[in-house]
There are 2 protein chains.
Amino acid sequence: MKNDLKVQRAIFNITQEDLANKVSVSRQTIHAIESNKYIPSTTLAIKIAKVFGRGVEEIFILEESD
Amino acid sequence: MKNDLKVQRAIFNITQEDLANKVSVSRQTIHAIESNKYIPSTTLAIKIAKVFGRGVEEIFILEESD
DNA sequence: ATCATTTGTAAAGTTTTCTTTACATTTTGT
DNA sequence: ACAAAATGTAAAGAAAACTTTACAAATGAT
């Protein structure tokens with residue numbers, strides 16, 4: 001699983017902190033997700049995708065091994 | 001979070017076991033999700049949504065308290 | 001160059017997501 | 001009515017998703 005978080009944040013010109021606040025998680029959680037430390041829960045994935053006005057599958061992309 | 005799994009399974013006329021096999025989890029996992037015992041991981045949610053040819057947000061619906 | 005802001009890292013603990021095995025109950029088909 | 005198929009339940013353990021705190025490093029603005 002990879003994600004498009006960093007690109008979307010750049011498009012919207014928001015910081016990790018901004019995004020964290022919008023979806024009610026810690027800034028470090030956003031960082032962990034962005035750096036693929038772990039995959040967000042579905043609840044959080046939906047919230048994040050909604051901030052960027054996109055579908056979950058567009059922000060979080062399955063890879064072969066998943 | 002609620003989900004539309006049971007309805008989608010009925011639409012496609014497949015059993016919990018069928019769906020479980022399609023997304024490589026145990027039948028009980030599907031049952032647990034369907035009965036809201038827990039929320040699936042994003043990886044699994046994406047796979048399930050794909051089986052039904054829908055977006056994650058269409059199968060798994062956020063509720064106010066989420 | 002300097003300072004402020006943003007990102008990056010780590011660790012330990014908590015909570016949630018799954019697994020398996022086993023059994024029970026209900027539903028469906030004949 | 002009966003058998004097969006499908007669904008429902010439980011429990012314990014492993015793995016993953018988060019949290020916090022603290023600090024470091026990188027980047028951006030002046």
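Order of the sequence lines fixes the chain letters, A, B, ..., with proteins taken first and strands second; residue numbering starts at 1 for each chain.
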**Main-chain N/O of A:Ala20 paired with A:Arg27 side-chain donor or acceptor, under 3.5 Å** = no

**Message:** Does D:dC18 have its OP1 or OP2 closer than 4.0 Å to a side-chain nitrogen or oxygen of A:Ser41?
**Reply:** yes

**Request:** Specify the separation, in whole Å, of atom OH of B:Tyr38 and atom P of D:dA14.
**Result:** 17 Å

**Prompt:** Ion pair present between A:Glu57 and B:Lys50, side-chain N to carboxylate O less than 4.0 angstrom?
**Reply:** no

**Message:** Quick check: is A:Ile61 connected to B:Ile46 through a chain of hydrophobic side chains (ILVMFWY, heavy atoms under 4.5 Å apart)?
**Reply:** no

Dump every N/O contact between nucleotides 23-30 of chain D and the protein below 3.5 Å, one line per pair.
none

**Request:** Give the rounded distance in Å between these two atoms: CG of B:Asn36 and C1' of D:dT7.
**Result:** 16 Å

**Prompt:** Does B:His31 put a side-chain nitrogen or oxygen below 4.0 Å from OP1 or OP2 of D:dG8?
**Reply:** yes

**Prompt:** Does the A:Asn36 side chain pair with the main chain of A:Lys2, one donor and one acceptor, at a distance under 3.5 Å?
**Reply:** no

**Asked** Between D:dT7 atom C1' and B:Leu5 atom CG, what is the distance in whole Å?
**Response** 14 Å

**Message:** Using whole Å, what does the distance between atom P of nucleotide C:dT28 and atom CD of B:Gln16 come to?
**Reply:** 13 Å

**Message:** Can you identify which nucleotide, out of C:dT7, C:dT20, D:dT20, has its nearest atom closest to the A:Ser26 side chain?
**Reply:** D:dT20

**Complete:** In whole angstroms, the gap separating C1' of D:dA17 from CE of A:Met1 amounts to 12 Å

**Message:** Under 4.0 Å, counting only non-hydrogen atoms across every strand here, what does B:Ile39 touch: a base, just sugar-phosphate, or nothing?
**Reply:** sugar-phosphate

**Spacing of B:Asn13 atom CG relative to D:dT7 atom P, expressed in whole Å** = 10 Å

**Prompt:** Starting at the 5' end of DNA chain D, which residue's closest nucleotide do you reach first, B:Arg9 or A:Leu44?
**Reply:** B:Arg9

**Item:** Sole residue of B:Thr43, B:Leu62, B:Ile39, B:Ile59 in side-chain contact (heavy atoms from CB on, under 4.5 Å) with A:Thr42
**Value:** B:Ile39

**Asked** Quick one: does B:Leu5's side chain get under 4.5 Å of B:Phe60's, heavy atoms only?
**Response** yes

**Asked** DNA chain D: B:Asp18 or B:Lys37, which has the more 5' nearest nucleotide?
**Response** B:Asp18

**Fill in**
Assert: residue with more 5' nearest nucleotide on DNA chain C, out of A:Ile14 and B:Ile33, is A:Ile14

**Message:** So does B:Gly55 get a backbone contact from the side chain of B:Glu58, meaning a donor-acceptor N/O pair under 3.5 Å?
**Reply:** yes

**Request:** Determine the contact category for B:Thr15: base if any of its heavy atoms lies under 4.0 Å from a base atom, sugar-phosphate if only primed atoms, P, OP1 or OP2 are that close, otherwise nothing.
**Result:** sugar-phosphate

**Asked** Given atom CG of A:Leu19 and atom P of C:dG8, what is their separation to the nearest angstrom?
**Response** 13 Å

**Prompt:** Taking OP1 and OP2 of D:dA6, is either one under 4.0 Å from a side-chain nitrogen or oxygen of B:Lys6?
**Reply:** no

**Request:** Can you tell me the distance, in whole Å, between the CD atom of A:Glu17 and the P atom of C:dG8?
**Result:** 14 Å

